[in-house]
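Below you'll find the structure, written out as C-alpha cells, and then a few comments.
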Amino acid sequence: MVRAASVSALVTYAGLTAMAPAAHAATVTSNMGVTLTLSSSCVINSVANLDFGTNIDLAANISTTANLVVTFSNGTPYTVELDAGGGSGATTATRVMTSGANTLTYSIYKEALHTNVFGTGATDRISATGNASAQTFTAYGLVPTQTTPATGTYTDTVTATVTY
C-alpha cells in the first residue's frame with residue numbers, strides 16, 4: 001500500500017504542474033507629451049497717490065514721492081509711462097492741479113534730482129525687463145516755487161500705462 005500512496009501523490013503533483021501557466025513576460029511602451037506655456041503677463045500691484053501735504057504758500061519748492069509697484073513675467077520687456085494728467089494745458093513736463101477755476105503747476109520725475117521727467121515717449125518713460133518679482137518705481141513729485149493761488153484743495157489725476 002505504501003506504493004499506491006506514493007503513486008497517487010506523484011500523479012497529483014504531475015497534474016498540478018501540468019496545469020500551471022507557462023511564464024511569459026512582455027513590455028509595451030508609449031510616449032506622453034508634456035507641455036507648459038508661460039505667457040507674458042503684468043500685474044499692477046499698487047499705485048500710491050502723490051500727496052504734497054498741506055502748505056500755506058508756494059514760496060519754496062515742495063517735493064514728495066509715490067511708488068508704483070508692478071510684477072512682470074521673467075524676461076518680459078516692458079515700459080511704464082505717466083500721462084500729462086487732466087489739468088487744462090498740462091504737458092508731462094508741466095502738469096496742472098486745479099481747485100475750481102484756480103490752478104498750480106507741478107512735475108513728476110524719474111529721480112530725486114528732478115532732472116528727467118517721468119512721462120510718455122522714448123526718453124520720458126521707464127523701460128526694463130521683468131524678473132517675475134514685484135518691482136517698485138518711484139515717482140518724484142515737485143511743486144516748484146510759484147505765485148500762491150487761492151486756498152483750496154488742488155487735485156489732478158495722472159494715468160500710469162504699462163506696456164509689455
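Smallest separation of non-hydrogen atoms from Lys110 and Thr123: NZ-O, 2.9 Å. Residues Asp156 and Met97 share a closest heavy-atom pair of CB-CG, 3.9 Å. Residues Ser107 and Thr94 come closest through the heavy atom pair OG-CA, 4.1 Å. Taking all atoms of both residues into account, the shortest heavy-atom contact from Ala150 to Asn102 is CB-ND2, 3.5 Å. Across every non-hydrogen atom of Pro149 and Tyr154, the tightest pair is CB-OH, 3.3 Å. Nearest heavy-atom pair across Thr76 and Tyr78 is O-CD2, 3.4 Å.
Within a 6.0 Å sphere centred on CG of Asp57, heavy atoms belonging to other residues, nucleotides or ligands number more than 12.
With sequence neighbours excluded, no residue forms a ring pair (Phe, Tyr, Trp, His ring centres under 6.0 Å) with Tyr106. Residues meeting the ring pair (Phe, Tyr, Trp, His ring centres under 6.0 Å) test with Tyr109, sequence neighbours left out: His114.
Here the side chains of Tyr164 and Ser73 are not in contact, with every heavy-atom distance at 4.5 Å or above. Within the 4.5 Å cutoff, side-chain heavy atoms of Leu50 are placed close to those of Thr64. The shortest distance between side-chain heavy atoms of Ile44 and Leu68 falls below 4.5 Å. By the 4.5 Å heavy-atom criterion applied to side chains, Asp83 and Val158 are counted as neighbours.
Linking Ile, Leu, Val, Met, Phe, Trp and Tyr whenever their side-chain heavy atoms come within less than 4.5 Å leaves Leu104 and Val96 in two separate clusters. Clustering ILVMFWY residues whenever any of their side-chain heavy atoms sit less than 4.5 angstrom apart, transitively, puts Tyr140 in the very cluster that holds Leu142.
Side-chain contact annotation: Asn45 with Thr71, donor-acceptor N/O pair under 3.5 Å present.
In this structure, the separation between CG on Asp124 and CD1 on Ile108 is 11.5 Å, given to the nearest 0.5 Å. The OG1 atom of Thr92 sits 9.5 Å away from the CD atom of Glu81 when rounded to the nearest 0.5 Å. Distance check: Met32 CE to Ser30 OG gives 9.5 Å after rounding to the nearest 0.5 Å.
At distances below 3.5 Å, not a single donor-acceptor pair connects side-chain atoms of Asn49 with backbone N or O atoms of Asp51. A donor-acceptor pair is defined here as one N or O able to donate and one able to accept, closer than 3.5 Å; such a pair exists between the side chain of Thr148 and the backbone of Leu58.
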